[in-house]
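Excluded from the calculations below are hydrogen atoms, water molecules and symmetry mates; all remaining heavy atoms, backbone and side chain alike, are included. Throughout, residue positions are numbered sequentially from 1 according to the sequence presented.
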Amino acid sequence: MKATGIVRRIDDLGRVVIPKEIRRTMRIREGEPLEIFTDKDGEVIFKKYSPIGEVGTFTGQFAEAINKSSGIPVAICDNDTVVAVAGVPKKDLLEKPISGSLYEAMGKRQSYSATGGEGLEVTENGLGVVSYMSPIVAEGNVIGAVMSLQKQKGVAPDDAEKKLISTGAMFLSSQLEA
């Protein structure tokens, strides 16, 4: 764990304020759910809750199925990290933080299509380029995205690829709302 040097007191209702700097760095927005863990040493740990993380094995199998049936490299992410990958080396993308530009594109609640050979970077360190992305929306909130990855620079996604990725995002949305 990394110490921040910030100390906060618990108020009479048991609340504690998470400093703005930490919320901004960790991309914690107002109303966002946090999981609370404790350990044997008496530490209390707050972790961003990821509904997609609850179905992690399923998302991996889903990405593999899309890739095997279409040959399209696929990645699935929550609002913070890549949670499933198929068709590219897993070590490059799996569990890596998503880029700020991908996070912003997801927040627009619209599909994204690469144009002119330029695409969004998948991770913060520039690994992977998005060809087509469709957000996963559950209970009115964007909780992640399904995306196809560019095989070659400059190749735009075709209609079949767009429909497949959009269908995947809608399917995962329905599974997470059930």
Side-chain angles (χ1 to χ4, degrees), residues 20 22-34 47-56 58-60 62-67 70-90 92-177:
K20 186 175 186 175
I22 293 173
R23 293 192 317 259
R24 187 179 324 120
T25 303
M26 302 300 296
R27 297 181 184 158
I28 299 171
R29 296 182 310 269
E30 183 179 328
E32 189 163 16
L34 298 174
K47 182 179 177 188
K48 288 178 70 171
Y49 174 71
S50 172
I52 294 176
E54 297 289 315
V55 291
F58 178 74
T59 56
F62 190 73
E64 287 288 339
I66 292 173
N67 175 253
S70 66
I72 299 168
V74 177
I76 301 172
C77 67
D78 61 15
N79 287 328
D80 297 305
T81 59
V82 178
V83 297
V85 177
V88 295
K90 291 185 181 358
D92 290 348
L93 299 175
L94 195 60
E95 297 180 2
K96 300 285 192 291
I98 65 170
S99 69
S101 57
L102 176 56
Y103 179 78
E104 288 175 23
M106 290 166 40
K108 293 178 182 174
R109 307 171 69 89
Q110 299 173 9
S111 295
Y112 164 86
S113 183
T115 55
E118 296 298 318
L120 298 172
E121 293 179 343
V122 177
T123 66
E124 285 181 345
N125 57 0
L127 295 173
V129 178
V130 176
S131 176
Y132 188 79
M133 180 276 300
S134 187
I136 301 169
V137 181
E139 298 177 0
N141 298 312
V142 176
I143 59 169
V146 178
M147 64 198 106
S148 59
L149 306 176
Q150 287 185 357
K151 292 183 198 176
Q152 300 172 346
K153 192 169 184 158
V155 178
D158 61 18
D159 287 341
E161 181 177 330
K162 291 177 182 180
K163 287 180 182 177
L164 188 58
I165 297 301
S166 294
T167 302
M170 286 188 286
F171 178 75
L172 287 175
S173 294
S174 67
Q175 292 300 304
L176 292 165
E177 286 182 341

Open item on the list: Quick check for you: to the nearest 0.5 Å, what is the distance between Lys163 atom NZ and Tyr132 atom OH?
Closed with: 10.5 Å
Open item on the list: Looking at Ser101 and Leu120, would you say the former's side chain and the latter's main chain have a donor-acceptor pair under 3.5 Å?
Closed with: no
TODO: Please check if the side chain of Asn141 supplies one atom and the backbone of Ile143 the other of a donor-acceptor pair under 3.5 Å.
DONE: no
TODO: Kindly indicate, with the supporting measurements, whether the criterion side chain to side chain contact (heavy atoms under 4.5 Å, CB included) is fulfilled by Met147 and Val74.
DONE: CA-CA 6 Å; Met147 64 198 106; Val74 177; over 6 Å; no
- [ ] Look only at the side chain of Lys151 and the backbone of Gly71, and say whether a donor-acceptor pair between them is shorter than 3.5 Å.
- [x] yes
Task: Reported CD-to-OG1 distance for the pair Glu64 and Thr59, which is rounded to 0.5 angstrom - done: 11.0 Å
TODO: Measure from the side-chain N and O atoms of Arg109 to the backbone N and O of Val137, and report whether any donor-acceptor pair falls under 3.5 Å.
DONE: no
Open item on the list: Taking the side chain as everything from C-beta on, heavy atoms only, tell me whether Ser70 gets closer than 4.5 Å to Leu164.
Closed with: yes
Task: Short side-chain to backbone donor-acceptor contact, Thr81 and Pro97, under 3.5 Å - done: no
TODO: Could you tell me the separation between the CG atom of Leu94 and the OG1 atom of Thr123, rounded to the nearest 0.5 Å?
DONE: 12.0 Å
Open item on the list: If I compare all heavy atoms of Lys162 with all of Pro157, which pair ends up nearest, and what's the gap?
Closed with: CE-O, 3.8 Å
Task: Trace of the side chain to side chain contact (heavy atoms under 4.5 Å, CB included) decision for Val146 with Ile136 - done: CA-CA 7 Å; Val146 178; Ile136 301 169; 3.9 Å; yes
- [ ] Decide yes or no on side chain to side chain contact (heavy atoms under 4.5 Å, CB included) for Phe58 and Leu172, but give the supporting numbers first.
- [x] CA-CA 10 Å; Phe58 178 74; Leu172 287 175; 3.6 Å; yes
Open item on the list: Please give me the minimum heavy-atom distance between Ser131 and Glu161, naming the atom from each residue.
Closed with: OG-OE2, 3.1 Å
TODO: State which residues pass ring-ring contact (aromatic ring centres under 6.0 Å, His included) with Phe62; sequence neighbours excluded, sorted by chain then number.
DONE: Phe171
Open item on the list: I'd like to check Met133 versus Ser148 (side-chain heavy atoms, cut-off strictly below 4.5 Å). Are they in contact?
Closed with: no
Task: For Leu93 against Leu149, the heavy-atom pair lying closest together - done: CD1-CD1, 3.6 Å
Open item on the list: Between Asn67 (side chain only) and Ile72 (backbone N and O only), is there a donor and an acceptor less than 3.5 Å apart?
Closed with: yes
- [ ] Over all heavy atoms of both residues, which pair between Pro135 and Val142 is shortest? Give the atoms and the distance, please.
- [x] CB-CG1, 4.2 Å
Open item on the list: Restricting to side-chain hydrogen bond (donor to acceptor under 3.5 Å, both in side chains), what partner residues turn up for Ser113, sequence neighbours left out?
Closed with: none
- [ ] Return the minimal non-hydrogen interatomic distance between Val130 and Tyr112, and the atom names on each side.
- [x] CG1-CD2, 4.0 Å
Task: NZ (Lys90) with more than 12 external heavy atoms under 6.0 Å - done: yes
- [ ] Evaluate side chain to side chain contact (heavy atoms under 4.5 Å, CB included) for Ile76 paired with Val82, printing each intermediate quantity in order.
- [x] CA-CA 6 Å; Ile76 301 172; Val82 178; over 6 Å; no
TODO: Keeping the roles fixed (side chain from Ser134, backbone from Ile165), state whether a donor-acceptor pair exists under 3.5 Å.
DONE: no
Task: Distance, nearest 0.5 Å, that separates CG of Leu127 from NZ of Lys96 - done: 7.5 Å
TODO: Taking the side chain as every heavy atom from C-beta outward, state whether Val129 and Val122 have any atom pair closer than 4.5 Å.
DONE: no
- [ ] Locate the shortest heavy-atom distance separating Ile98 from Glu124; write the atom from each residue and the value.
- [x] O-CG, 3.3 Å
